There are 2 protein chains.
Amino acid sequence: MRQIEEMRYLVLAAQREGSRMFTDMLQPMGITTSQSEVIRVLFDFEPLSLIELGDLLICETGSPSRLVNRLVKDGFVTMEKSKEDSRKVKLSLSYKGRVTAKKIIEVEEAVYDSISAKLKGAPVKSLIALLWKQVQGKPAGNALERRISGKSRK
Amino acid sequence: MRQIEEMRYLVLAAQREGSRMFTDMLQPMGITTSQSEVIRVLFDFEPLSLIELGDLLICETGSPSRLVNRLVKDGFVTMEKSKEDSRKVKLSLSYKGRVTAKKIIEVEEAVYDSISAKLKGAPVKSLIALLWKQVQGKPAGNALERRISGKSRK
DNA sequence: GTATCATTGATGACGTGTCATCTATTTTAA
DNA sequence: TTAAAATAGATGACACGTCATCAATGATAC
């Protein structure tokens, strides 16, 4: 098997296993990994319209209206029409959403700590550089750039 | 943003963008990326039962019965009951499936070539090692191990 | 030989991801 | 100022991916 093919499947495998890991840890909070990304982004960037939110999500391209509708229905997110532009929608976290966001951050920190420990001494920086080459300028890469360079609530 | 968090989202982003890339290139052949992985694995390892196939797929855990049923319906794969154990099923590629497999290989080679060019000089080997640390011993990692060490048709 | 257990695969259910299409609203330009 | 174009979001359609459950078949133990 070619090196690059091995790399391709390793990226897929790592994504899947990472996702399963987060799925298990988020289950007690009643949310999925995609939902947690939305809550996490809103925690840092609220208020947002649907399209603004979509532009900050790596998990999904386009406008995440169904994803968000579920979170509204479950009480994590509030949605109101924008006053300036009634096509737009203004998304924010509810109190429940903010509480959940903090729990998500705890879970994430724990996972990141454990991965960091496992990768002690590994060339994480060059992997990051390599992966950036693959996603630069594409929708998911653009979203991540905005996430990194955007203002954070903290 | 923590390095490890950046890496997490880069892995997700790279997986998504790579998938979109293959989706576009496979569309003319009327198959999806998951379907192409099945055809590709069958090309190398046929005949297989559903569980054996599932143990060689990175894209999905468990038994890929619906994925395969669609490929049977579309004429890429043939399915018959095993003679020794009638619980089992014997999956093989049809002629159409073999022709498609060869087209898939061409597409993959082209993509791998273009990625290789972009990654000229990058320490791909150590990045492969890093990713292996994340998936070793887990379902997707085990599947990839079997794919690499397994007998190939060629 | 039969009762129990394990294995294989099918299926229902649920939440994504992605695309195309539709409606409502706002912007623009004639 | 009103007709055309652009934009925001909702929705239908389709194929995953994952889990739980079920029926059929085969293996094991007594």
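The chains referred to below are lettered A, B, ... by the order of the sequence lines, with proteins before strands, and numbering in each begins at 1. All values reported here derive from a predicted model rather than from experimental measurement.
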Rounding to a whole Å, what distance do you find between [X]:[atom1] and [N]:[atom2]?
X: A:Asn69; N: D:dG12; atom1: CG; atom2: P; result: 12 Å
X: A:Glu52; N: D:dA8; atom1: CD; atom2: C1'; result: 11 Å
X: B:Phe22; N: D:dA15; atom1: CZ; atom2: C1'; result: 19 Å
X: A:Lys88; N: D:dA10; atom1: NZ; atom2: P; result: 14 Å
X: B:Ile58; N: D:dG17; atom1: CD1; atom2: C1'; result: 15 Å
X: B:Gln27; N: D:dA15; atom1: CD; atom2: C1'; result: 13 Å
X: B:Leu57; N: D:dC16; atom1: CG; atom2: P; result: 12 Å
X: A:Leu67; N: D:dA10; atom1: CG; atom2: P; result: 12 Å

- Note on the structure: Each nucleotide of nucleotides 19-29 of chain D classed B (base within 4.0 Å of a protein heavy atom), S (only sugar-phosphate) or -, in 5' to 3' order, makes B-----BS---

- Query: Picking from B:Lys88, B:Arg87, B:Lys83, what satisfies side chain to side chain donor-acceptor pair (under 3.5 Å) with B:Asp85?
  - Reply: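 Among the candidates, only B:Arg87 passes.
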
- Please name all residues satisfying side chain to side chain donor-acceptor pair (under 3.5 Å) with A:Glu109, sequence neighbours left out, ordered by chain then number.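 Expected list: B:Arg2.
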
- Task: Report the residues that fulfil side chain to side chain donor-acceptor pair (under 3.5 Å) with B:Gln3, sequence neighbours left out, ordered by chain and then residue number.
- Result: none

- Task: Give, for atom CD of A:Glu108 and atom CD1 of B:Ile4, the distance between the pair rounded to the nearest 0.5 Å.
- Result: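 Interatomic distance, A:Glu108 CD to B:Ile4 CD1, rounded to 0.5 Å: 13.0 Å.
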
- Query: Tell me the salt bridge (Lys or Arg N to Asp or Glu O under 4.0 Å) pairs involving residues 47-70 of chain B, sequence neighbours left out?
  - Reply: B:Arg70-B:Asp74

- Applying salt bridge (Lys or Arg N to Asp or Glu O under 4.0 Å), which residue pairs with at least one partner in residues 125-139 of chain B are found, sequence neighbours left out? none

- Task: Check whether any side-chain N or O of B:Ser34 sits under 4.0 Å from OP1 or OP2 of D:dA15, and answer yes or no.
- Result: no

- Note on the structure: 5'-most to 3'-most nt of DNA chain C touching chain A (<4.0 Å, heavy-atom partner on protein side) reads C:dG15 to C:dT26

- Task: Measure from NZ or CZ of A:Arg147 to the centre of the six-membered ring of B:Tyr9 and say whether it is under 6.0 Å with the direction within 45° of the ring axis.
- Result: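 Judged by the rule (NZ or CZ under 6.0 Å from the ring centre, within 45° of its axis), A:Arg147 counts as positioned above B:Tyr9.
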
- Message: Just to be sure I understand the rule, does B:Ser65 reach a base, reach only the sugar-phosphate, or reach nothing, if contact means heavy atoms closer than 4.0 Å?
- Response: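 Base, at least one base heavy atom under 4.0 Å.
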
- Query: So what does B:Ser49 touch, heavy atoms closer than 4.0 Å: a base, only the sugar-phosphate, or nothing?
  - Reply: sugar-phosphate

- Specify the residue among B:Arg70 and A:Ser19 whose closest nucleotide of DNA chain D lies further upstream toward the 5′ end. B:Arg70

- Begin with the C-alpha distance, continue with both residues' side-chain angles, and end with the deciding distance and a verdict on side-chain hydrogen bond (donor to acceptor under 3.5 Å, both in side chains) for B:Trp132 and A:Glu6. CA-CA 10 Å; B:Trp132 267 116; A:Glu6 185 174 353; 2.8 Å; yes

- Query: Is the closest basic N to carboxylate O distance between A:Glu46 and A:Arg98 below 4.0 Å?
  - Reply: yes

